Amino acid sequence: MVIEMSKYLTPENASLGLMQAISDVNSGDTILFDVKAEYHFYKDFSEHKVCHMTNTDSFKNPDKYFAFMIENKENITIDGNGSTLVVHGAMCAFALFNCKNIVFKNLRITYNSPTNYELTVISKNGNKIRYSIPESTDFVVKGKSIKFFEQSPFSKKNYYEYKNNSQCYCNVIHREGKVFRTQLSPIKGTIRINRLSKTEIECTYIIPPAFNLGDTVTMSKNWSRDNCGLFFCECSDIVSENITVNYMHGFGWLSQMCENLTFNNIKFTPDFERGYTVSSFADLIHVCGCKGYVNISNCLFEHPHDDGINIHGAFLRFKKQLSTHTAMFEFVHKQQGGYKNFFKGDKVKFYSRMDLSELDGVYTVKDTFDDIDNKLVTITFNEELPAMKSKMVVAENITYNPKVTISDCLFRDIPTRGILCTTTEESEIKNNTFKNLIMPDIFISCDCKDWYESGPCKSMKIHNNTFSQKNPIKFEPICIGKPVENVHENIEIYDNKEEF
């Protein structure tokens with residue numbers, strides 16, 4: 001059966017009627033949008049859910065809003081038919097919860113007013129710099145203060161607001177042929193800000209920042225990742241293809257605790273036609289704690305505020321032993337936790353935090369008790385546990401390590417890394433091109449000290465790629481002391497070339 005969205009929604013306010021349309025979907029159905037239509041989704045009428053997303057500041061912001069959300073569905077196709085989904089407000093554009101065998105294809109996702117703030121240098125004169133701001137970005141100026149915001153056309157209240165530079169710890173300069181992070185700010189240190197028009201301001205400084213004409217300086221409220229742009233949670237066999245993403249709020253396209261993911265012909269590219277330069281608040285594709293396979297092919301990654309791809313698991317730190325077979329573990333990093341990381345039957349390995357050496361044995365989960373609010377999980381294993389010292393051992397769910405293939409993709413104009421990938425399963429990075437990256441094109445870590453992003457690589461091939469710099473691949477296991485030599489094993493690097 002075809003569920004025609006035109007029978008439920010009006011493009012001018014597609015949030016109305018959406019829940020009824022989704023409730024009518026059954027296994028085997030296709031959700032079909034009108035051909036090349038433009039659907040607007042407003043936070044005022046969006047779906048609300050309390051949930052947690054890893055690698056975000058979820059515990060500060062558990063209340064999430066979703067423009068388009070589907071739960072507990074299987075065997076369906078979502079066909080955008082070339083249409084565009086326009087998101088109004090700081091929310092997640094699209095989410096799947098506990099869904100199976102879904103095809104998501106043929107659409108464009110954009111935000112009416114992206115939550116990265118962009119200022120392009122159009123003139124310099126002494127201690128004064130003039131900037132242009134994209135027309136869809138609303139702002140007010142008072143003295144030496146500027147506030148960016150987006151206002152609801154219904155309640156007339158602001159969906160979000162951002163004042164000056166106090167909430168940003170890293171700006172990014174987009175310069176022709178080079179994109180990089182900077183401590184310089186267009187706003188900090190101003191004596192006065194004058195608004196010249198709807199899209200232009202002039203800043204007066206004691207000492208002007210060292211920007212070039214034509215630089216676009218981008219800022220985000222990145223002290224608080226309150227959501228993500230697209231979200232898959234505990235889903236399996238999801239195919240995403242032929243999708244253009246102009247922007248994602250809060251983080252990026254996040255998949256956590258999923259199985260079998262395919263991303264094909266996804267284009268992450270800013271809405272240049274409307275004058276925007278940034279394609280994501282942070283990362284583009286981020287995968288945490290998934291199993292089966294993750295296949296990413298024929299994709300374009302450009303102009304994010306952070307990494308292109310990041311695939312990893314989670315290290316939970318051993319807290320205390322409760323019996324011979326039972327122990328308590330904790331999520332440590334402030335942006336981790338809030339979700340179920342272990343399931344009955346999963347296999348677990350333990351590692352020393354001192355040097356990332358493996359403790360003997362593989363342990364099978366018999367039962368778990370999750371204390372989500374306190375970021376704790378108590379696990380009972382089938383096997384007797386080894387002796388462990390509190391806070392000096394981490395546990396990894398090795399069942400949720402995927403086979404990874406990243407192929408035939410283009411990574412360009414990225415201020416950080418192109419690919420981060422850590423998984424114990426087979427992985428292959430091939431036929432990709434990297435251009436204009438400042439940090440390593442490929443970064444292989446495994447971190448039990450800072451981010452607690454897990455995954456010793458035990459079988460990886462990196463071949464037939466075109467890199468943008470000398471020393472494009474970096475291996476850096478992170479632990480308390482010096483890591484053992486065999487954290488990563490069976491790594492083959494061959495038939496790559498460099499083009500500077």
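Model, not experiment: these values are computed from the prediction. Residue numbers run from 1 in the order of the sequence given.
Qualifying side chain to side chain contact (heavy atoms under 4.5 Å, CB included) partners for Val239, counting only residues two or more places apart in sequence or in other chains: Val103, Glu241, Thr262. In this view, Lys49 and Glu71 satisfy the side chain to side chain donor-acceptor pair (under 3.5 Å) rule, not counting sequence neighbours. With sequence neighbours excluded, the residues forming a side chain to side chain donor-acceptor pair (under 3.5 Å) with Glu118 are Thr277, listed by chain and number. Checked against side chain to side chain contact (heavy atoms under 4.5 Å, CB included), Asn212 has the following partners two or more places apart in sequence or in another chain: Arg175, Asp215. With sequence neighbours left out, the side chain to side chain donor-acceptor pair (under 3.5 Å) criterion links Gln469 to Asp441. Residues forming a side chain to side chain donor-acceptor pair (under 3.5 Å) with Thr416 (at least two apart in sequence, or on another chain): Asp306, Asp307. Residues that satisfy the side chain to side chain contact (heavy atoms under 4.5 Å, CB included) test with Glu150, not counting sequence neighbours, are His88, Asn112, Ser113, Tyr159, Tyr160. For the salt bridge (Lys or Arg N to Asp or Glu O under 4.0 Å) test, no residue two or more places apart in sequence or in another chain qualifies with Lys178. Evaluation of the salt bridge (Lys or Arg N to Asp or Glu O under 4.0 Å) rule for Arg274 yields Asp271 as partners, not counting sequence neighbours. Applying the side chain to side chain contact (heavy atoms under 4.5 Å, CB included) rule to Glu426 yields the partners Ser459; only residues at least two apart in sequence or on another chain are considered.
In this structure, Asn432 and Lys430 approach most closely via the heavy-atom pair ND2-O, 2.9 Å. For the residue pair Ile311 and Ile296, the shortest heavy atom distance occurs at CD1-CD1, 4.3 Å. Closest heavy-atom contact between Tyr339 and Ala314: OH-CB, 3.7 Å.
Two residues are said to be in side-chain contact when any heavy atoms from C-beta on lie closer than 4.5 Å; Pro270 and Glu302 meet this criterion.
Within the model, atoms SG of Cys448 and CG of Leu316 stand 12.5 Å from one another, a figure rounded to the nearest 0.5 Å.
Each of His333, Gln336, Glu396, Arg353 was evaluated against Tyr452; a single residue qualifies, Arg353, per the side-chain hydrogen bond (donor to acceptor under 3.5 Å, both in side chains) test. When the options Tyr162, Phe139, Phe149 are evaluated for a ring pair (Phe, Tyr, Trp, His ring centres under 6.0 Å) with Tyr117, the one that passes is Tyr162. For the side chain to side chain contact (heavy atoms under 4.5 Å, CB included) with Ile201, the lone residue among Asn194, Thr190, Leu196, Val141 that qualifies is Val141.
Checked by atom type and distance alone, the side chain of Gln256 pairs as donor or acceptor with a backbone atom of Thr54 at under 3.5 Å. Proximity of a side-chain donor or acceptor of Arg412 to a complementary backbone N or O of His303 within less than 3.5 Å is not detected. Side-chain atoms of His488 come within 3.5 Å of backbone atoms of Cys457 as a donor-acceptor pair (strictly under, hydrogens ignored). Proximity of a side-chain donor or acceptor of Asp447 to a complementary backbone N or O of Lys449 within less than 3.5 Å is detected.
Aromatic rings of Phe68 and Phe104 (six-membered ring for Trp) have centroids beyond the 6.0 Å cut-off, not under it. Annotation: Tyr247 is not in aromatic contact with Tyr276 [ring centroid separation under 6.0 Å not met]. Between Phe97 and Phe66, a ring centre-to-centre spacing shorter than 6.0 Å is recorded.
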inquiry  = Let's go through Glu330 and Arg317 carefully: what are the C-alpha distance in whole Å and the side-chain angles of both, what is the deciding distance for salt bridge (Lys or Arg N to Asp or Glu O under 4.0 Å) to 0.1 Å, and is it a yes or a no?
reply    = CA-CA 5 Å; Glu330 58 186 346; Arg317 193 167 66 189; 3.1 Å; yes
request  = Given side-chain hydrogen bond (donor to acceptor under 3.5 Å, both in side chains), test Ser224 with Asn61 step by step and report yes or no.
outcome  = CA-CA 8 Å; Ser224 181; Asn61 308 278; 3.1 Å; yes
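Between the side chains of Asn465 and Asn496, at least one donor N or O lies within less than 3.5 Å of an accepting N or O. Side-chain atoms of Asn116 and His249 include no donor-acceptor pair closer than 3.5 Å. Donor-acceptor pairing under 3.5 Å is lacking for the side chains of Asn265 and Asn298. For the residue pair Thr56 and Arg225, no side-chain donor N or O sits within less than 3.5 Å of a side-chain acceptor on the partner. A donor-acceptor contact under 3.5 angstrom links the side chains of Ser58 and Lys64, judged on distance only.
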Mind listing the side-chain donor-acceptor pairs of residues 125-134 below 3.5 Å, one per line with the distance, residues two or more places apart or on another chain?
from   : atom 1 : to     : atom 2 : distance (Å)
Asn127 : ND2    : Tyr205 : O      : 2.9
Arg130 : NE     : Glu202 : OE2    : 3.2
Tyr131 : OH     : Tyr205 : OH     : 2.6

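Annotation: cation-pi geometry satisfied between Lys375 and Phe59 (NZ/CZ under 6.0 angstrom from ring centroid, within 45° of ring axis).
Ion pairing of Glu161 with Lys147 is present here, as a side-chain N (NZ or NE/NH1/NH2) and a carboxylate O approach within less than 4.0 Å.
Within the structure, salt bridge (Lys or Arg N to Asp or Glu O under 4.0 Å) pairs that include any residue of residues 251-269 do not occur (at least two apart or interchain).
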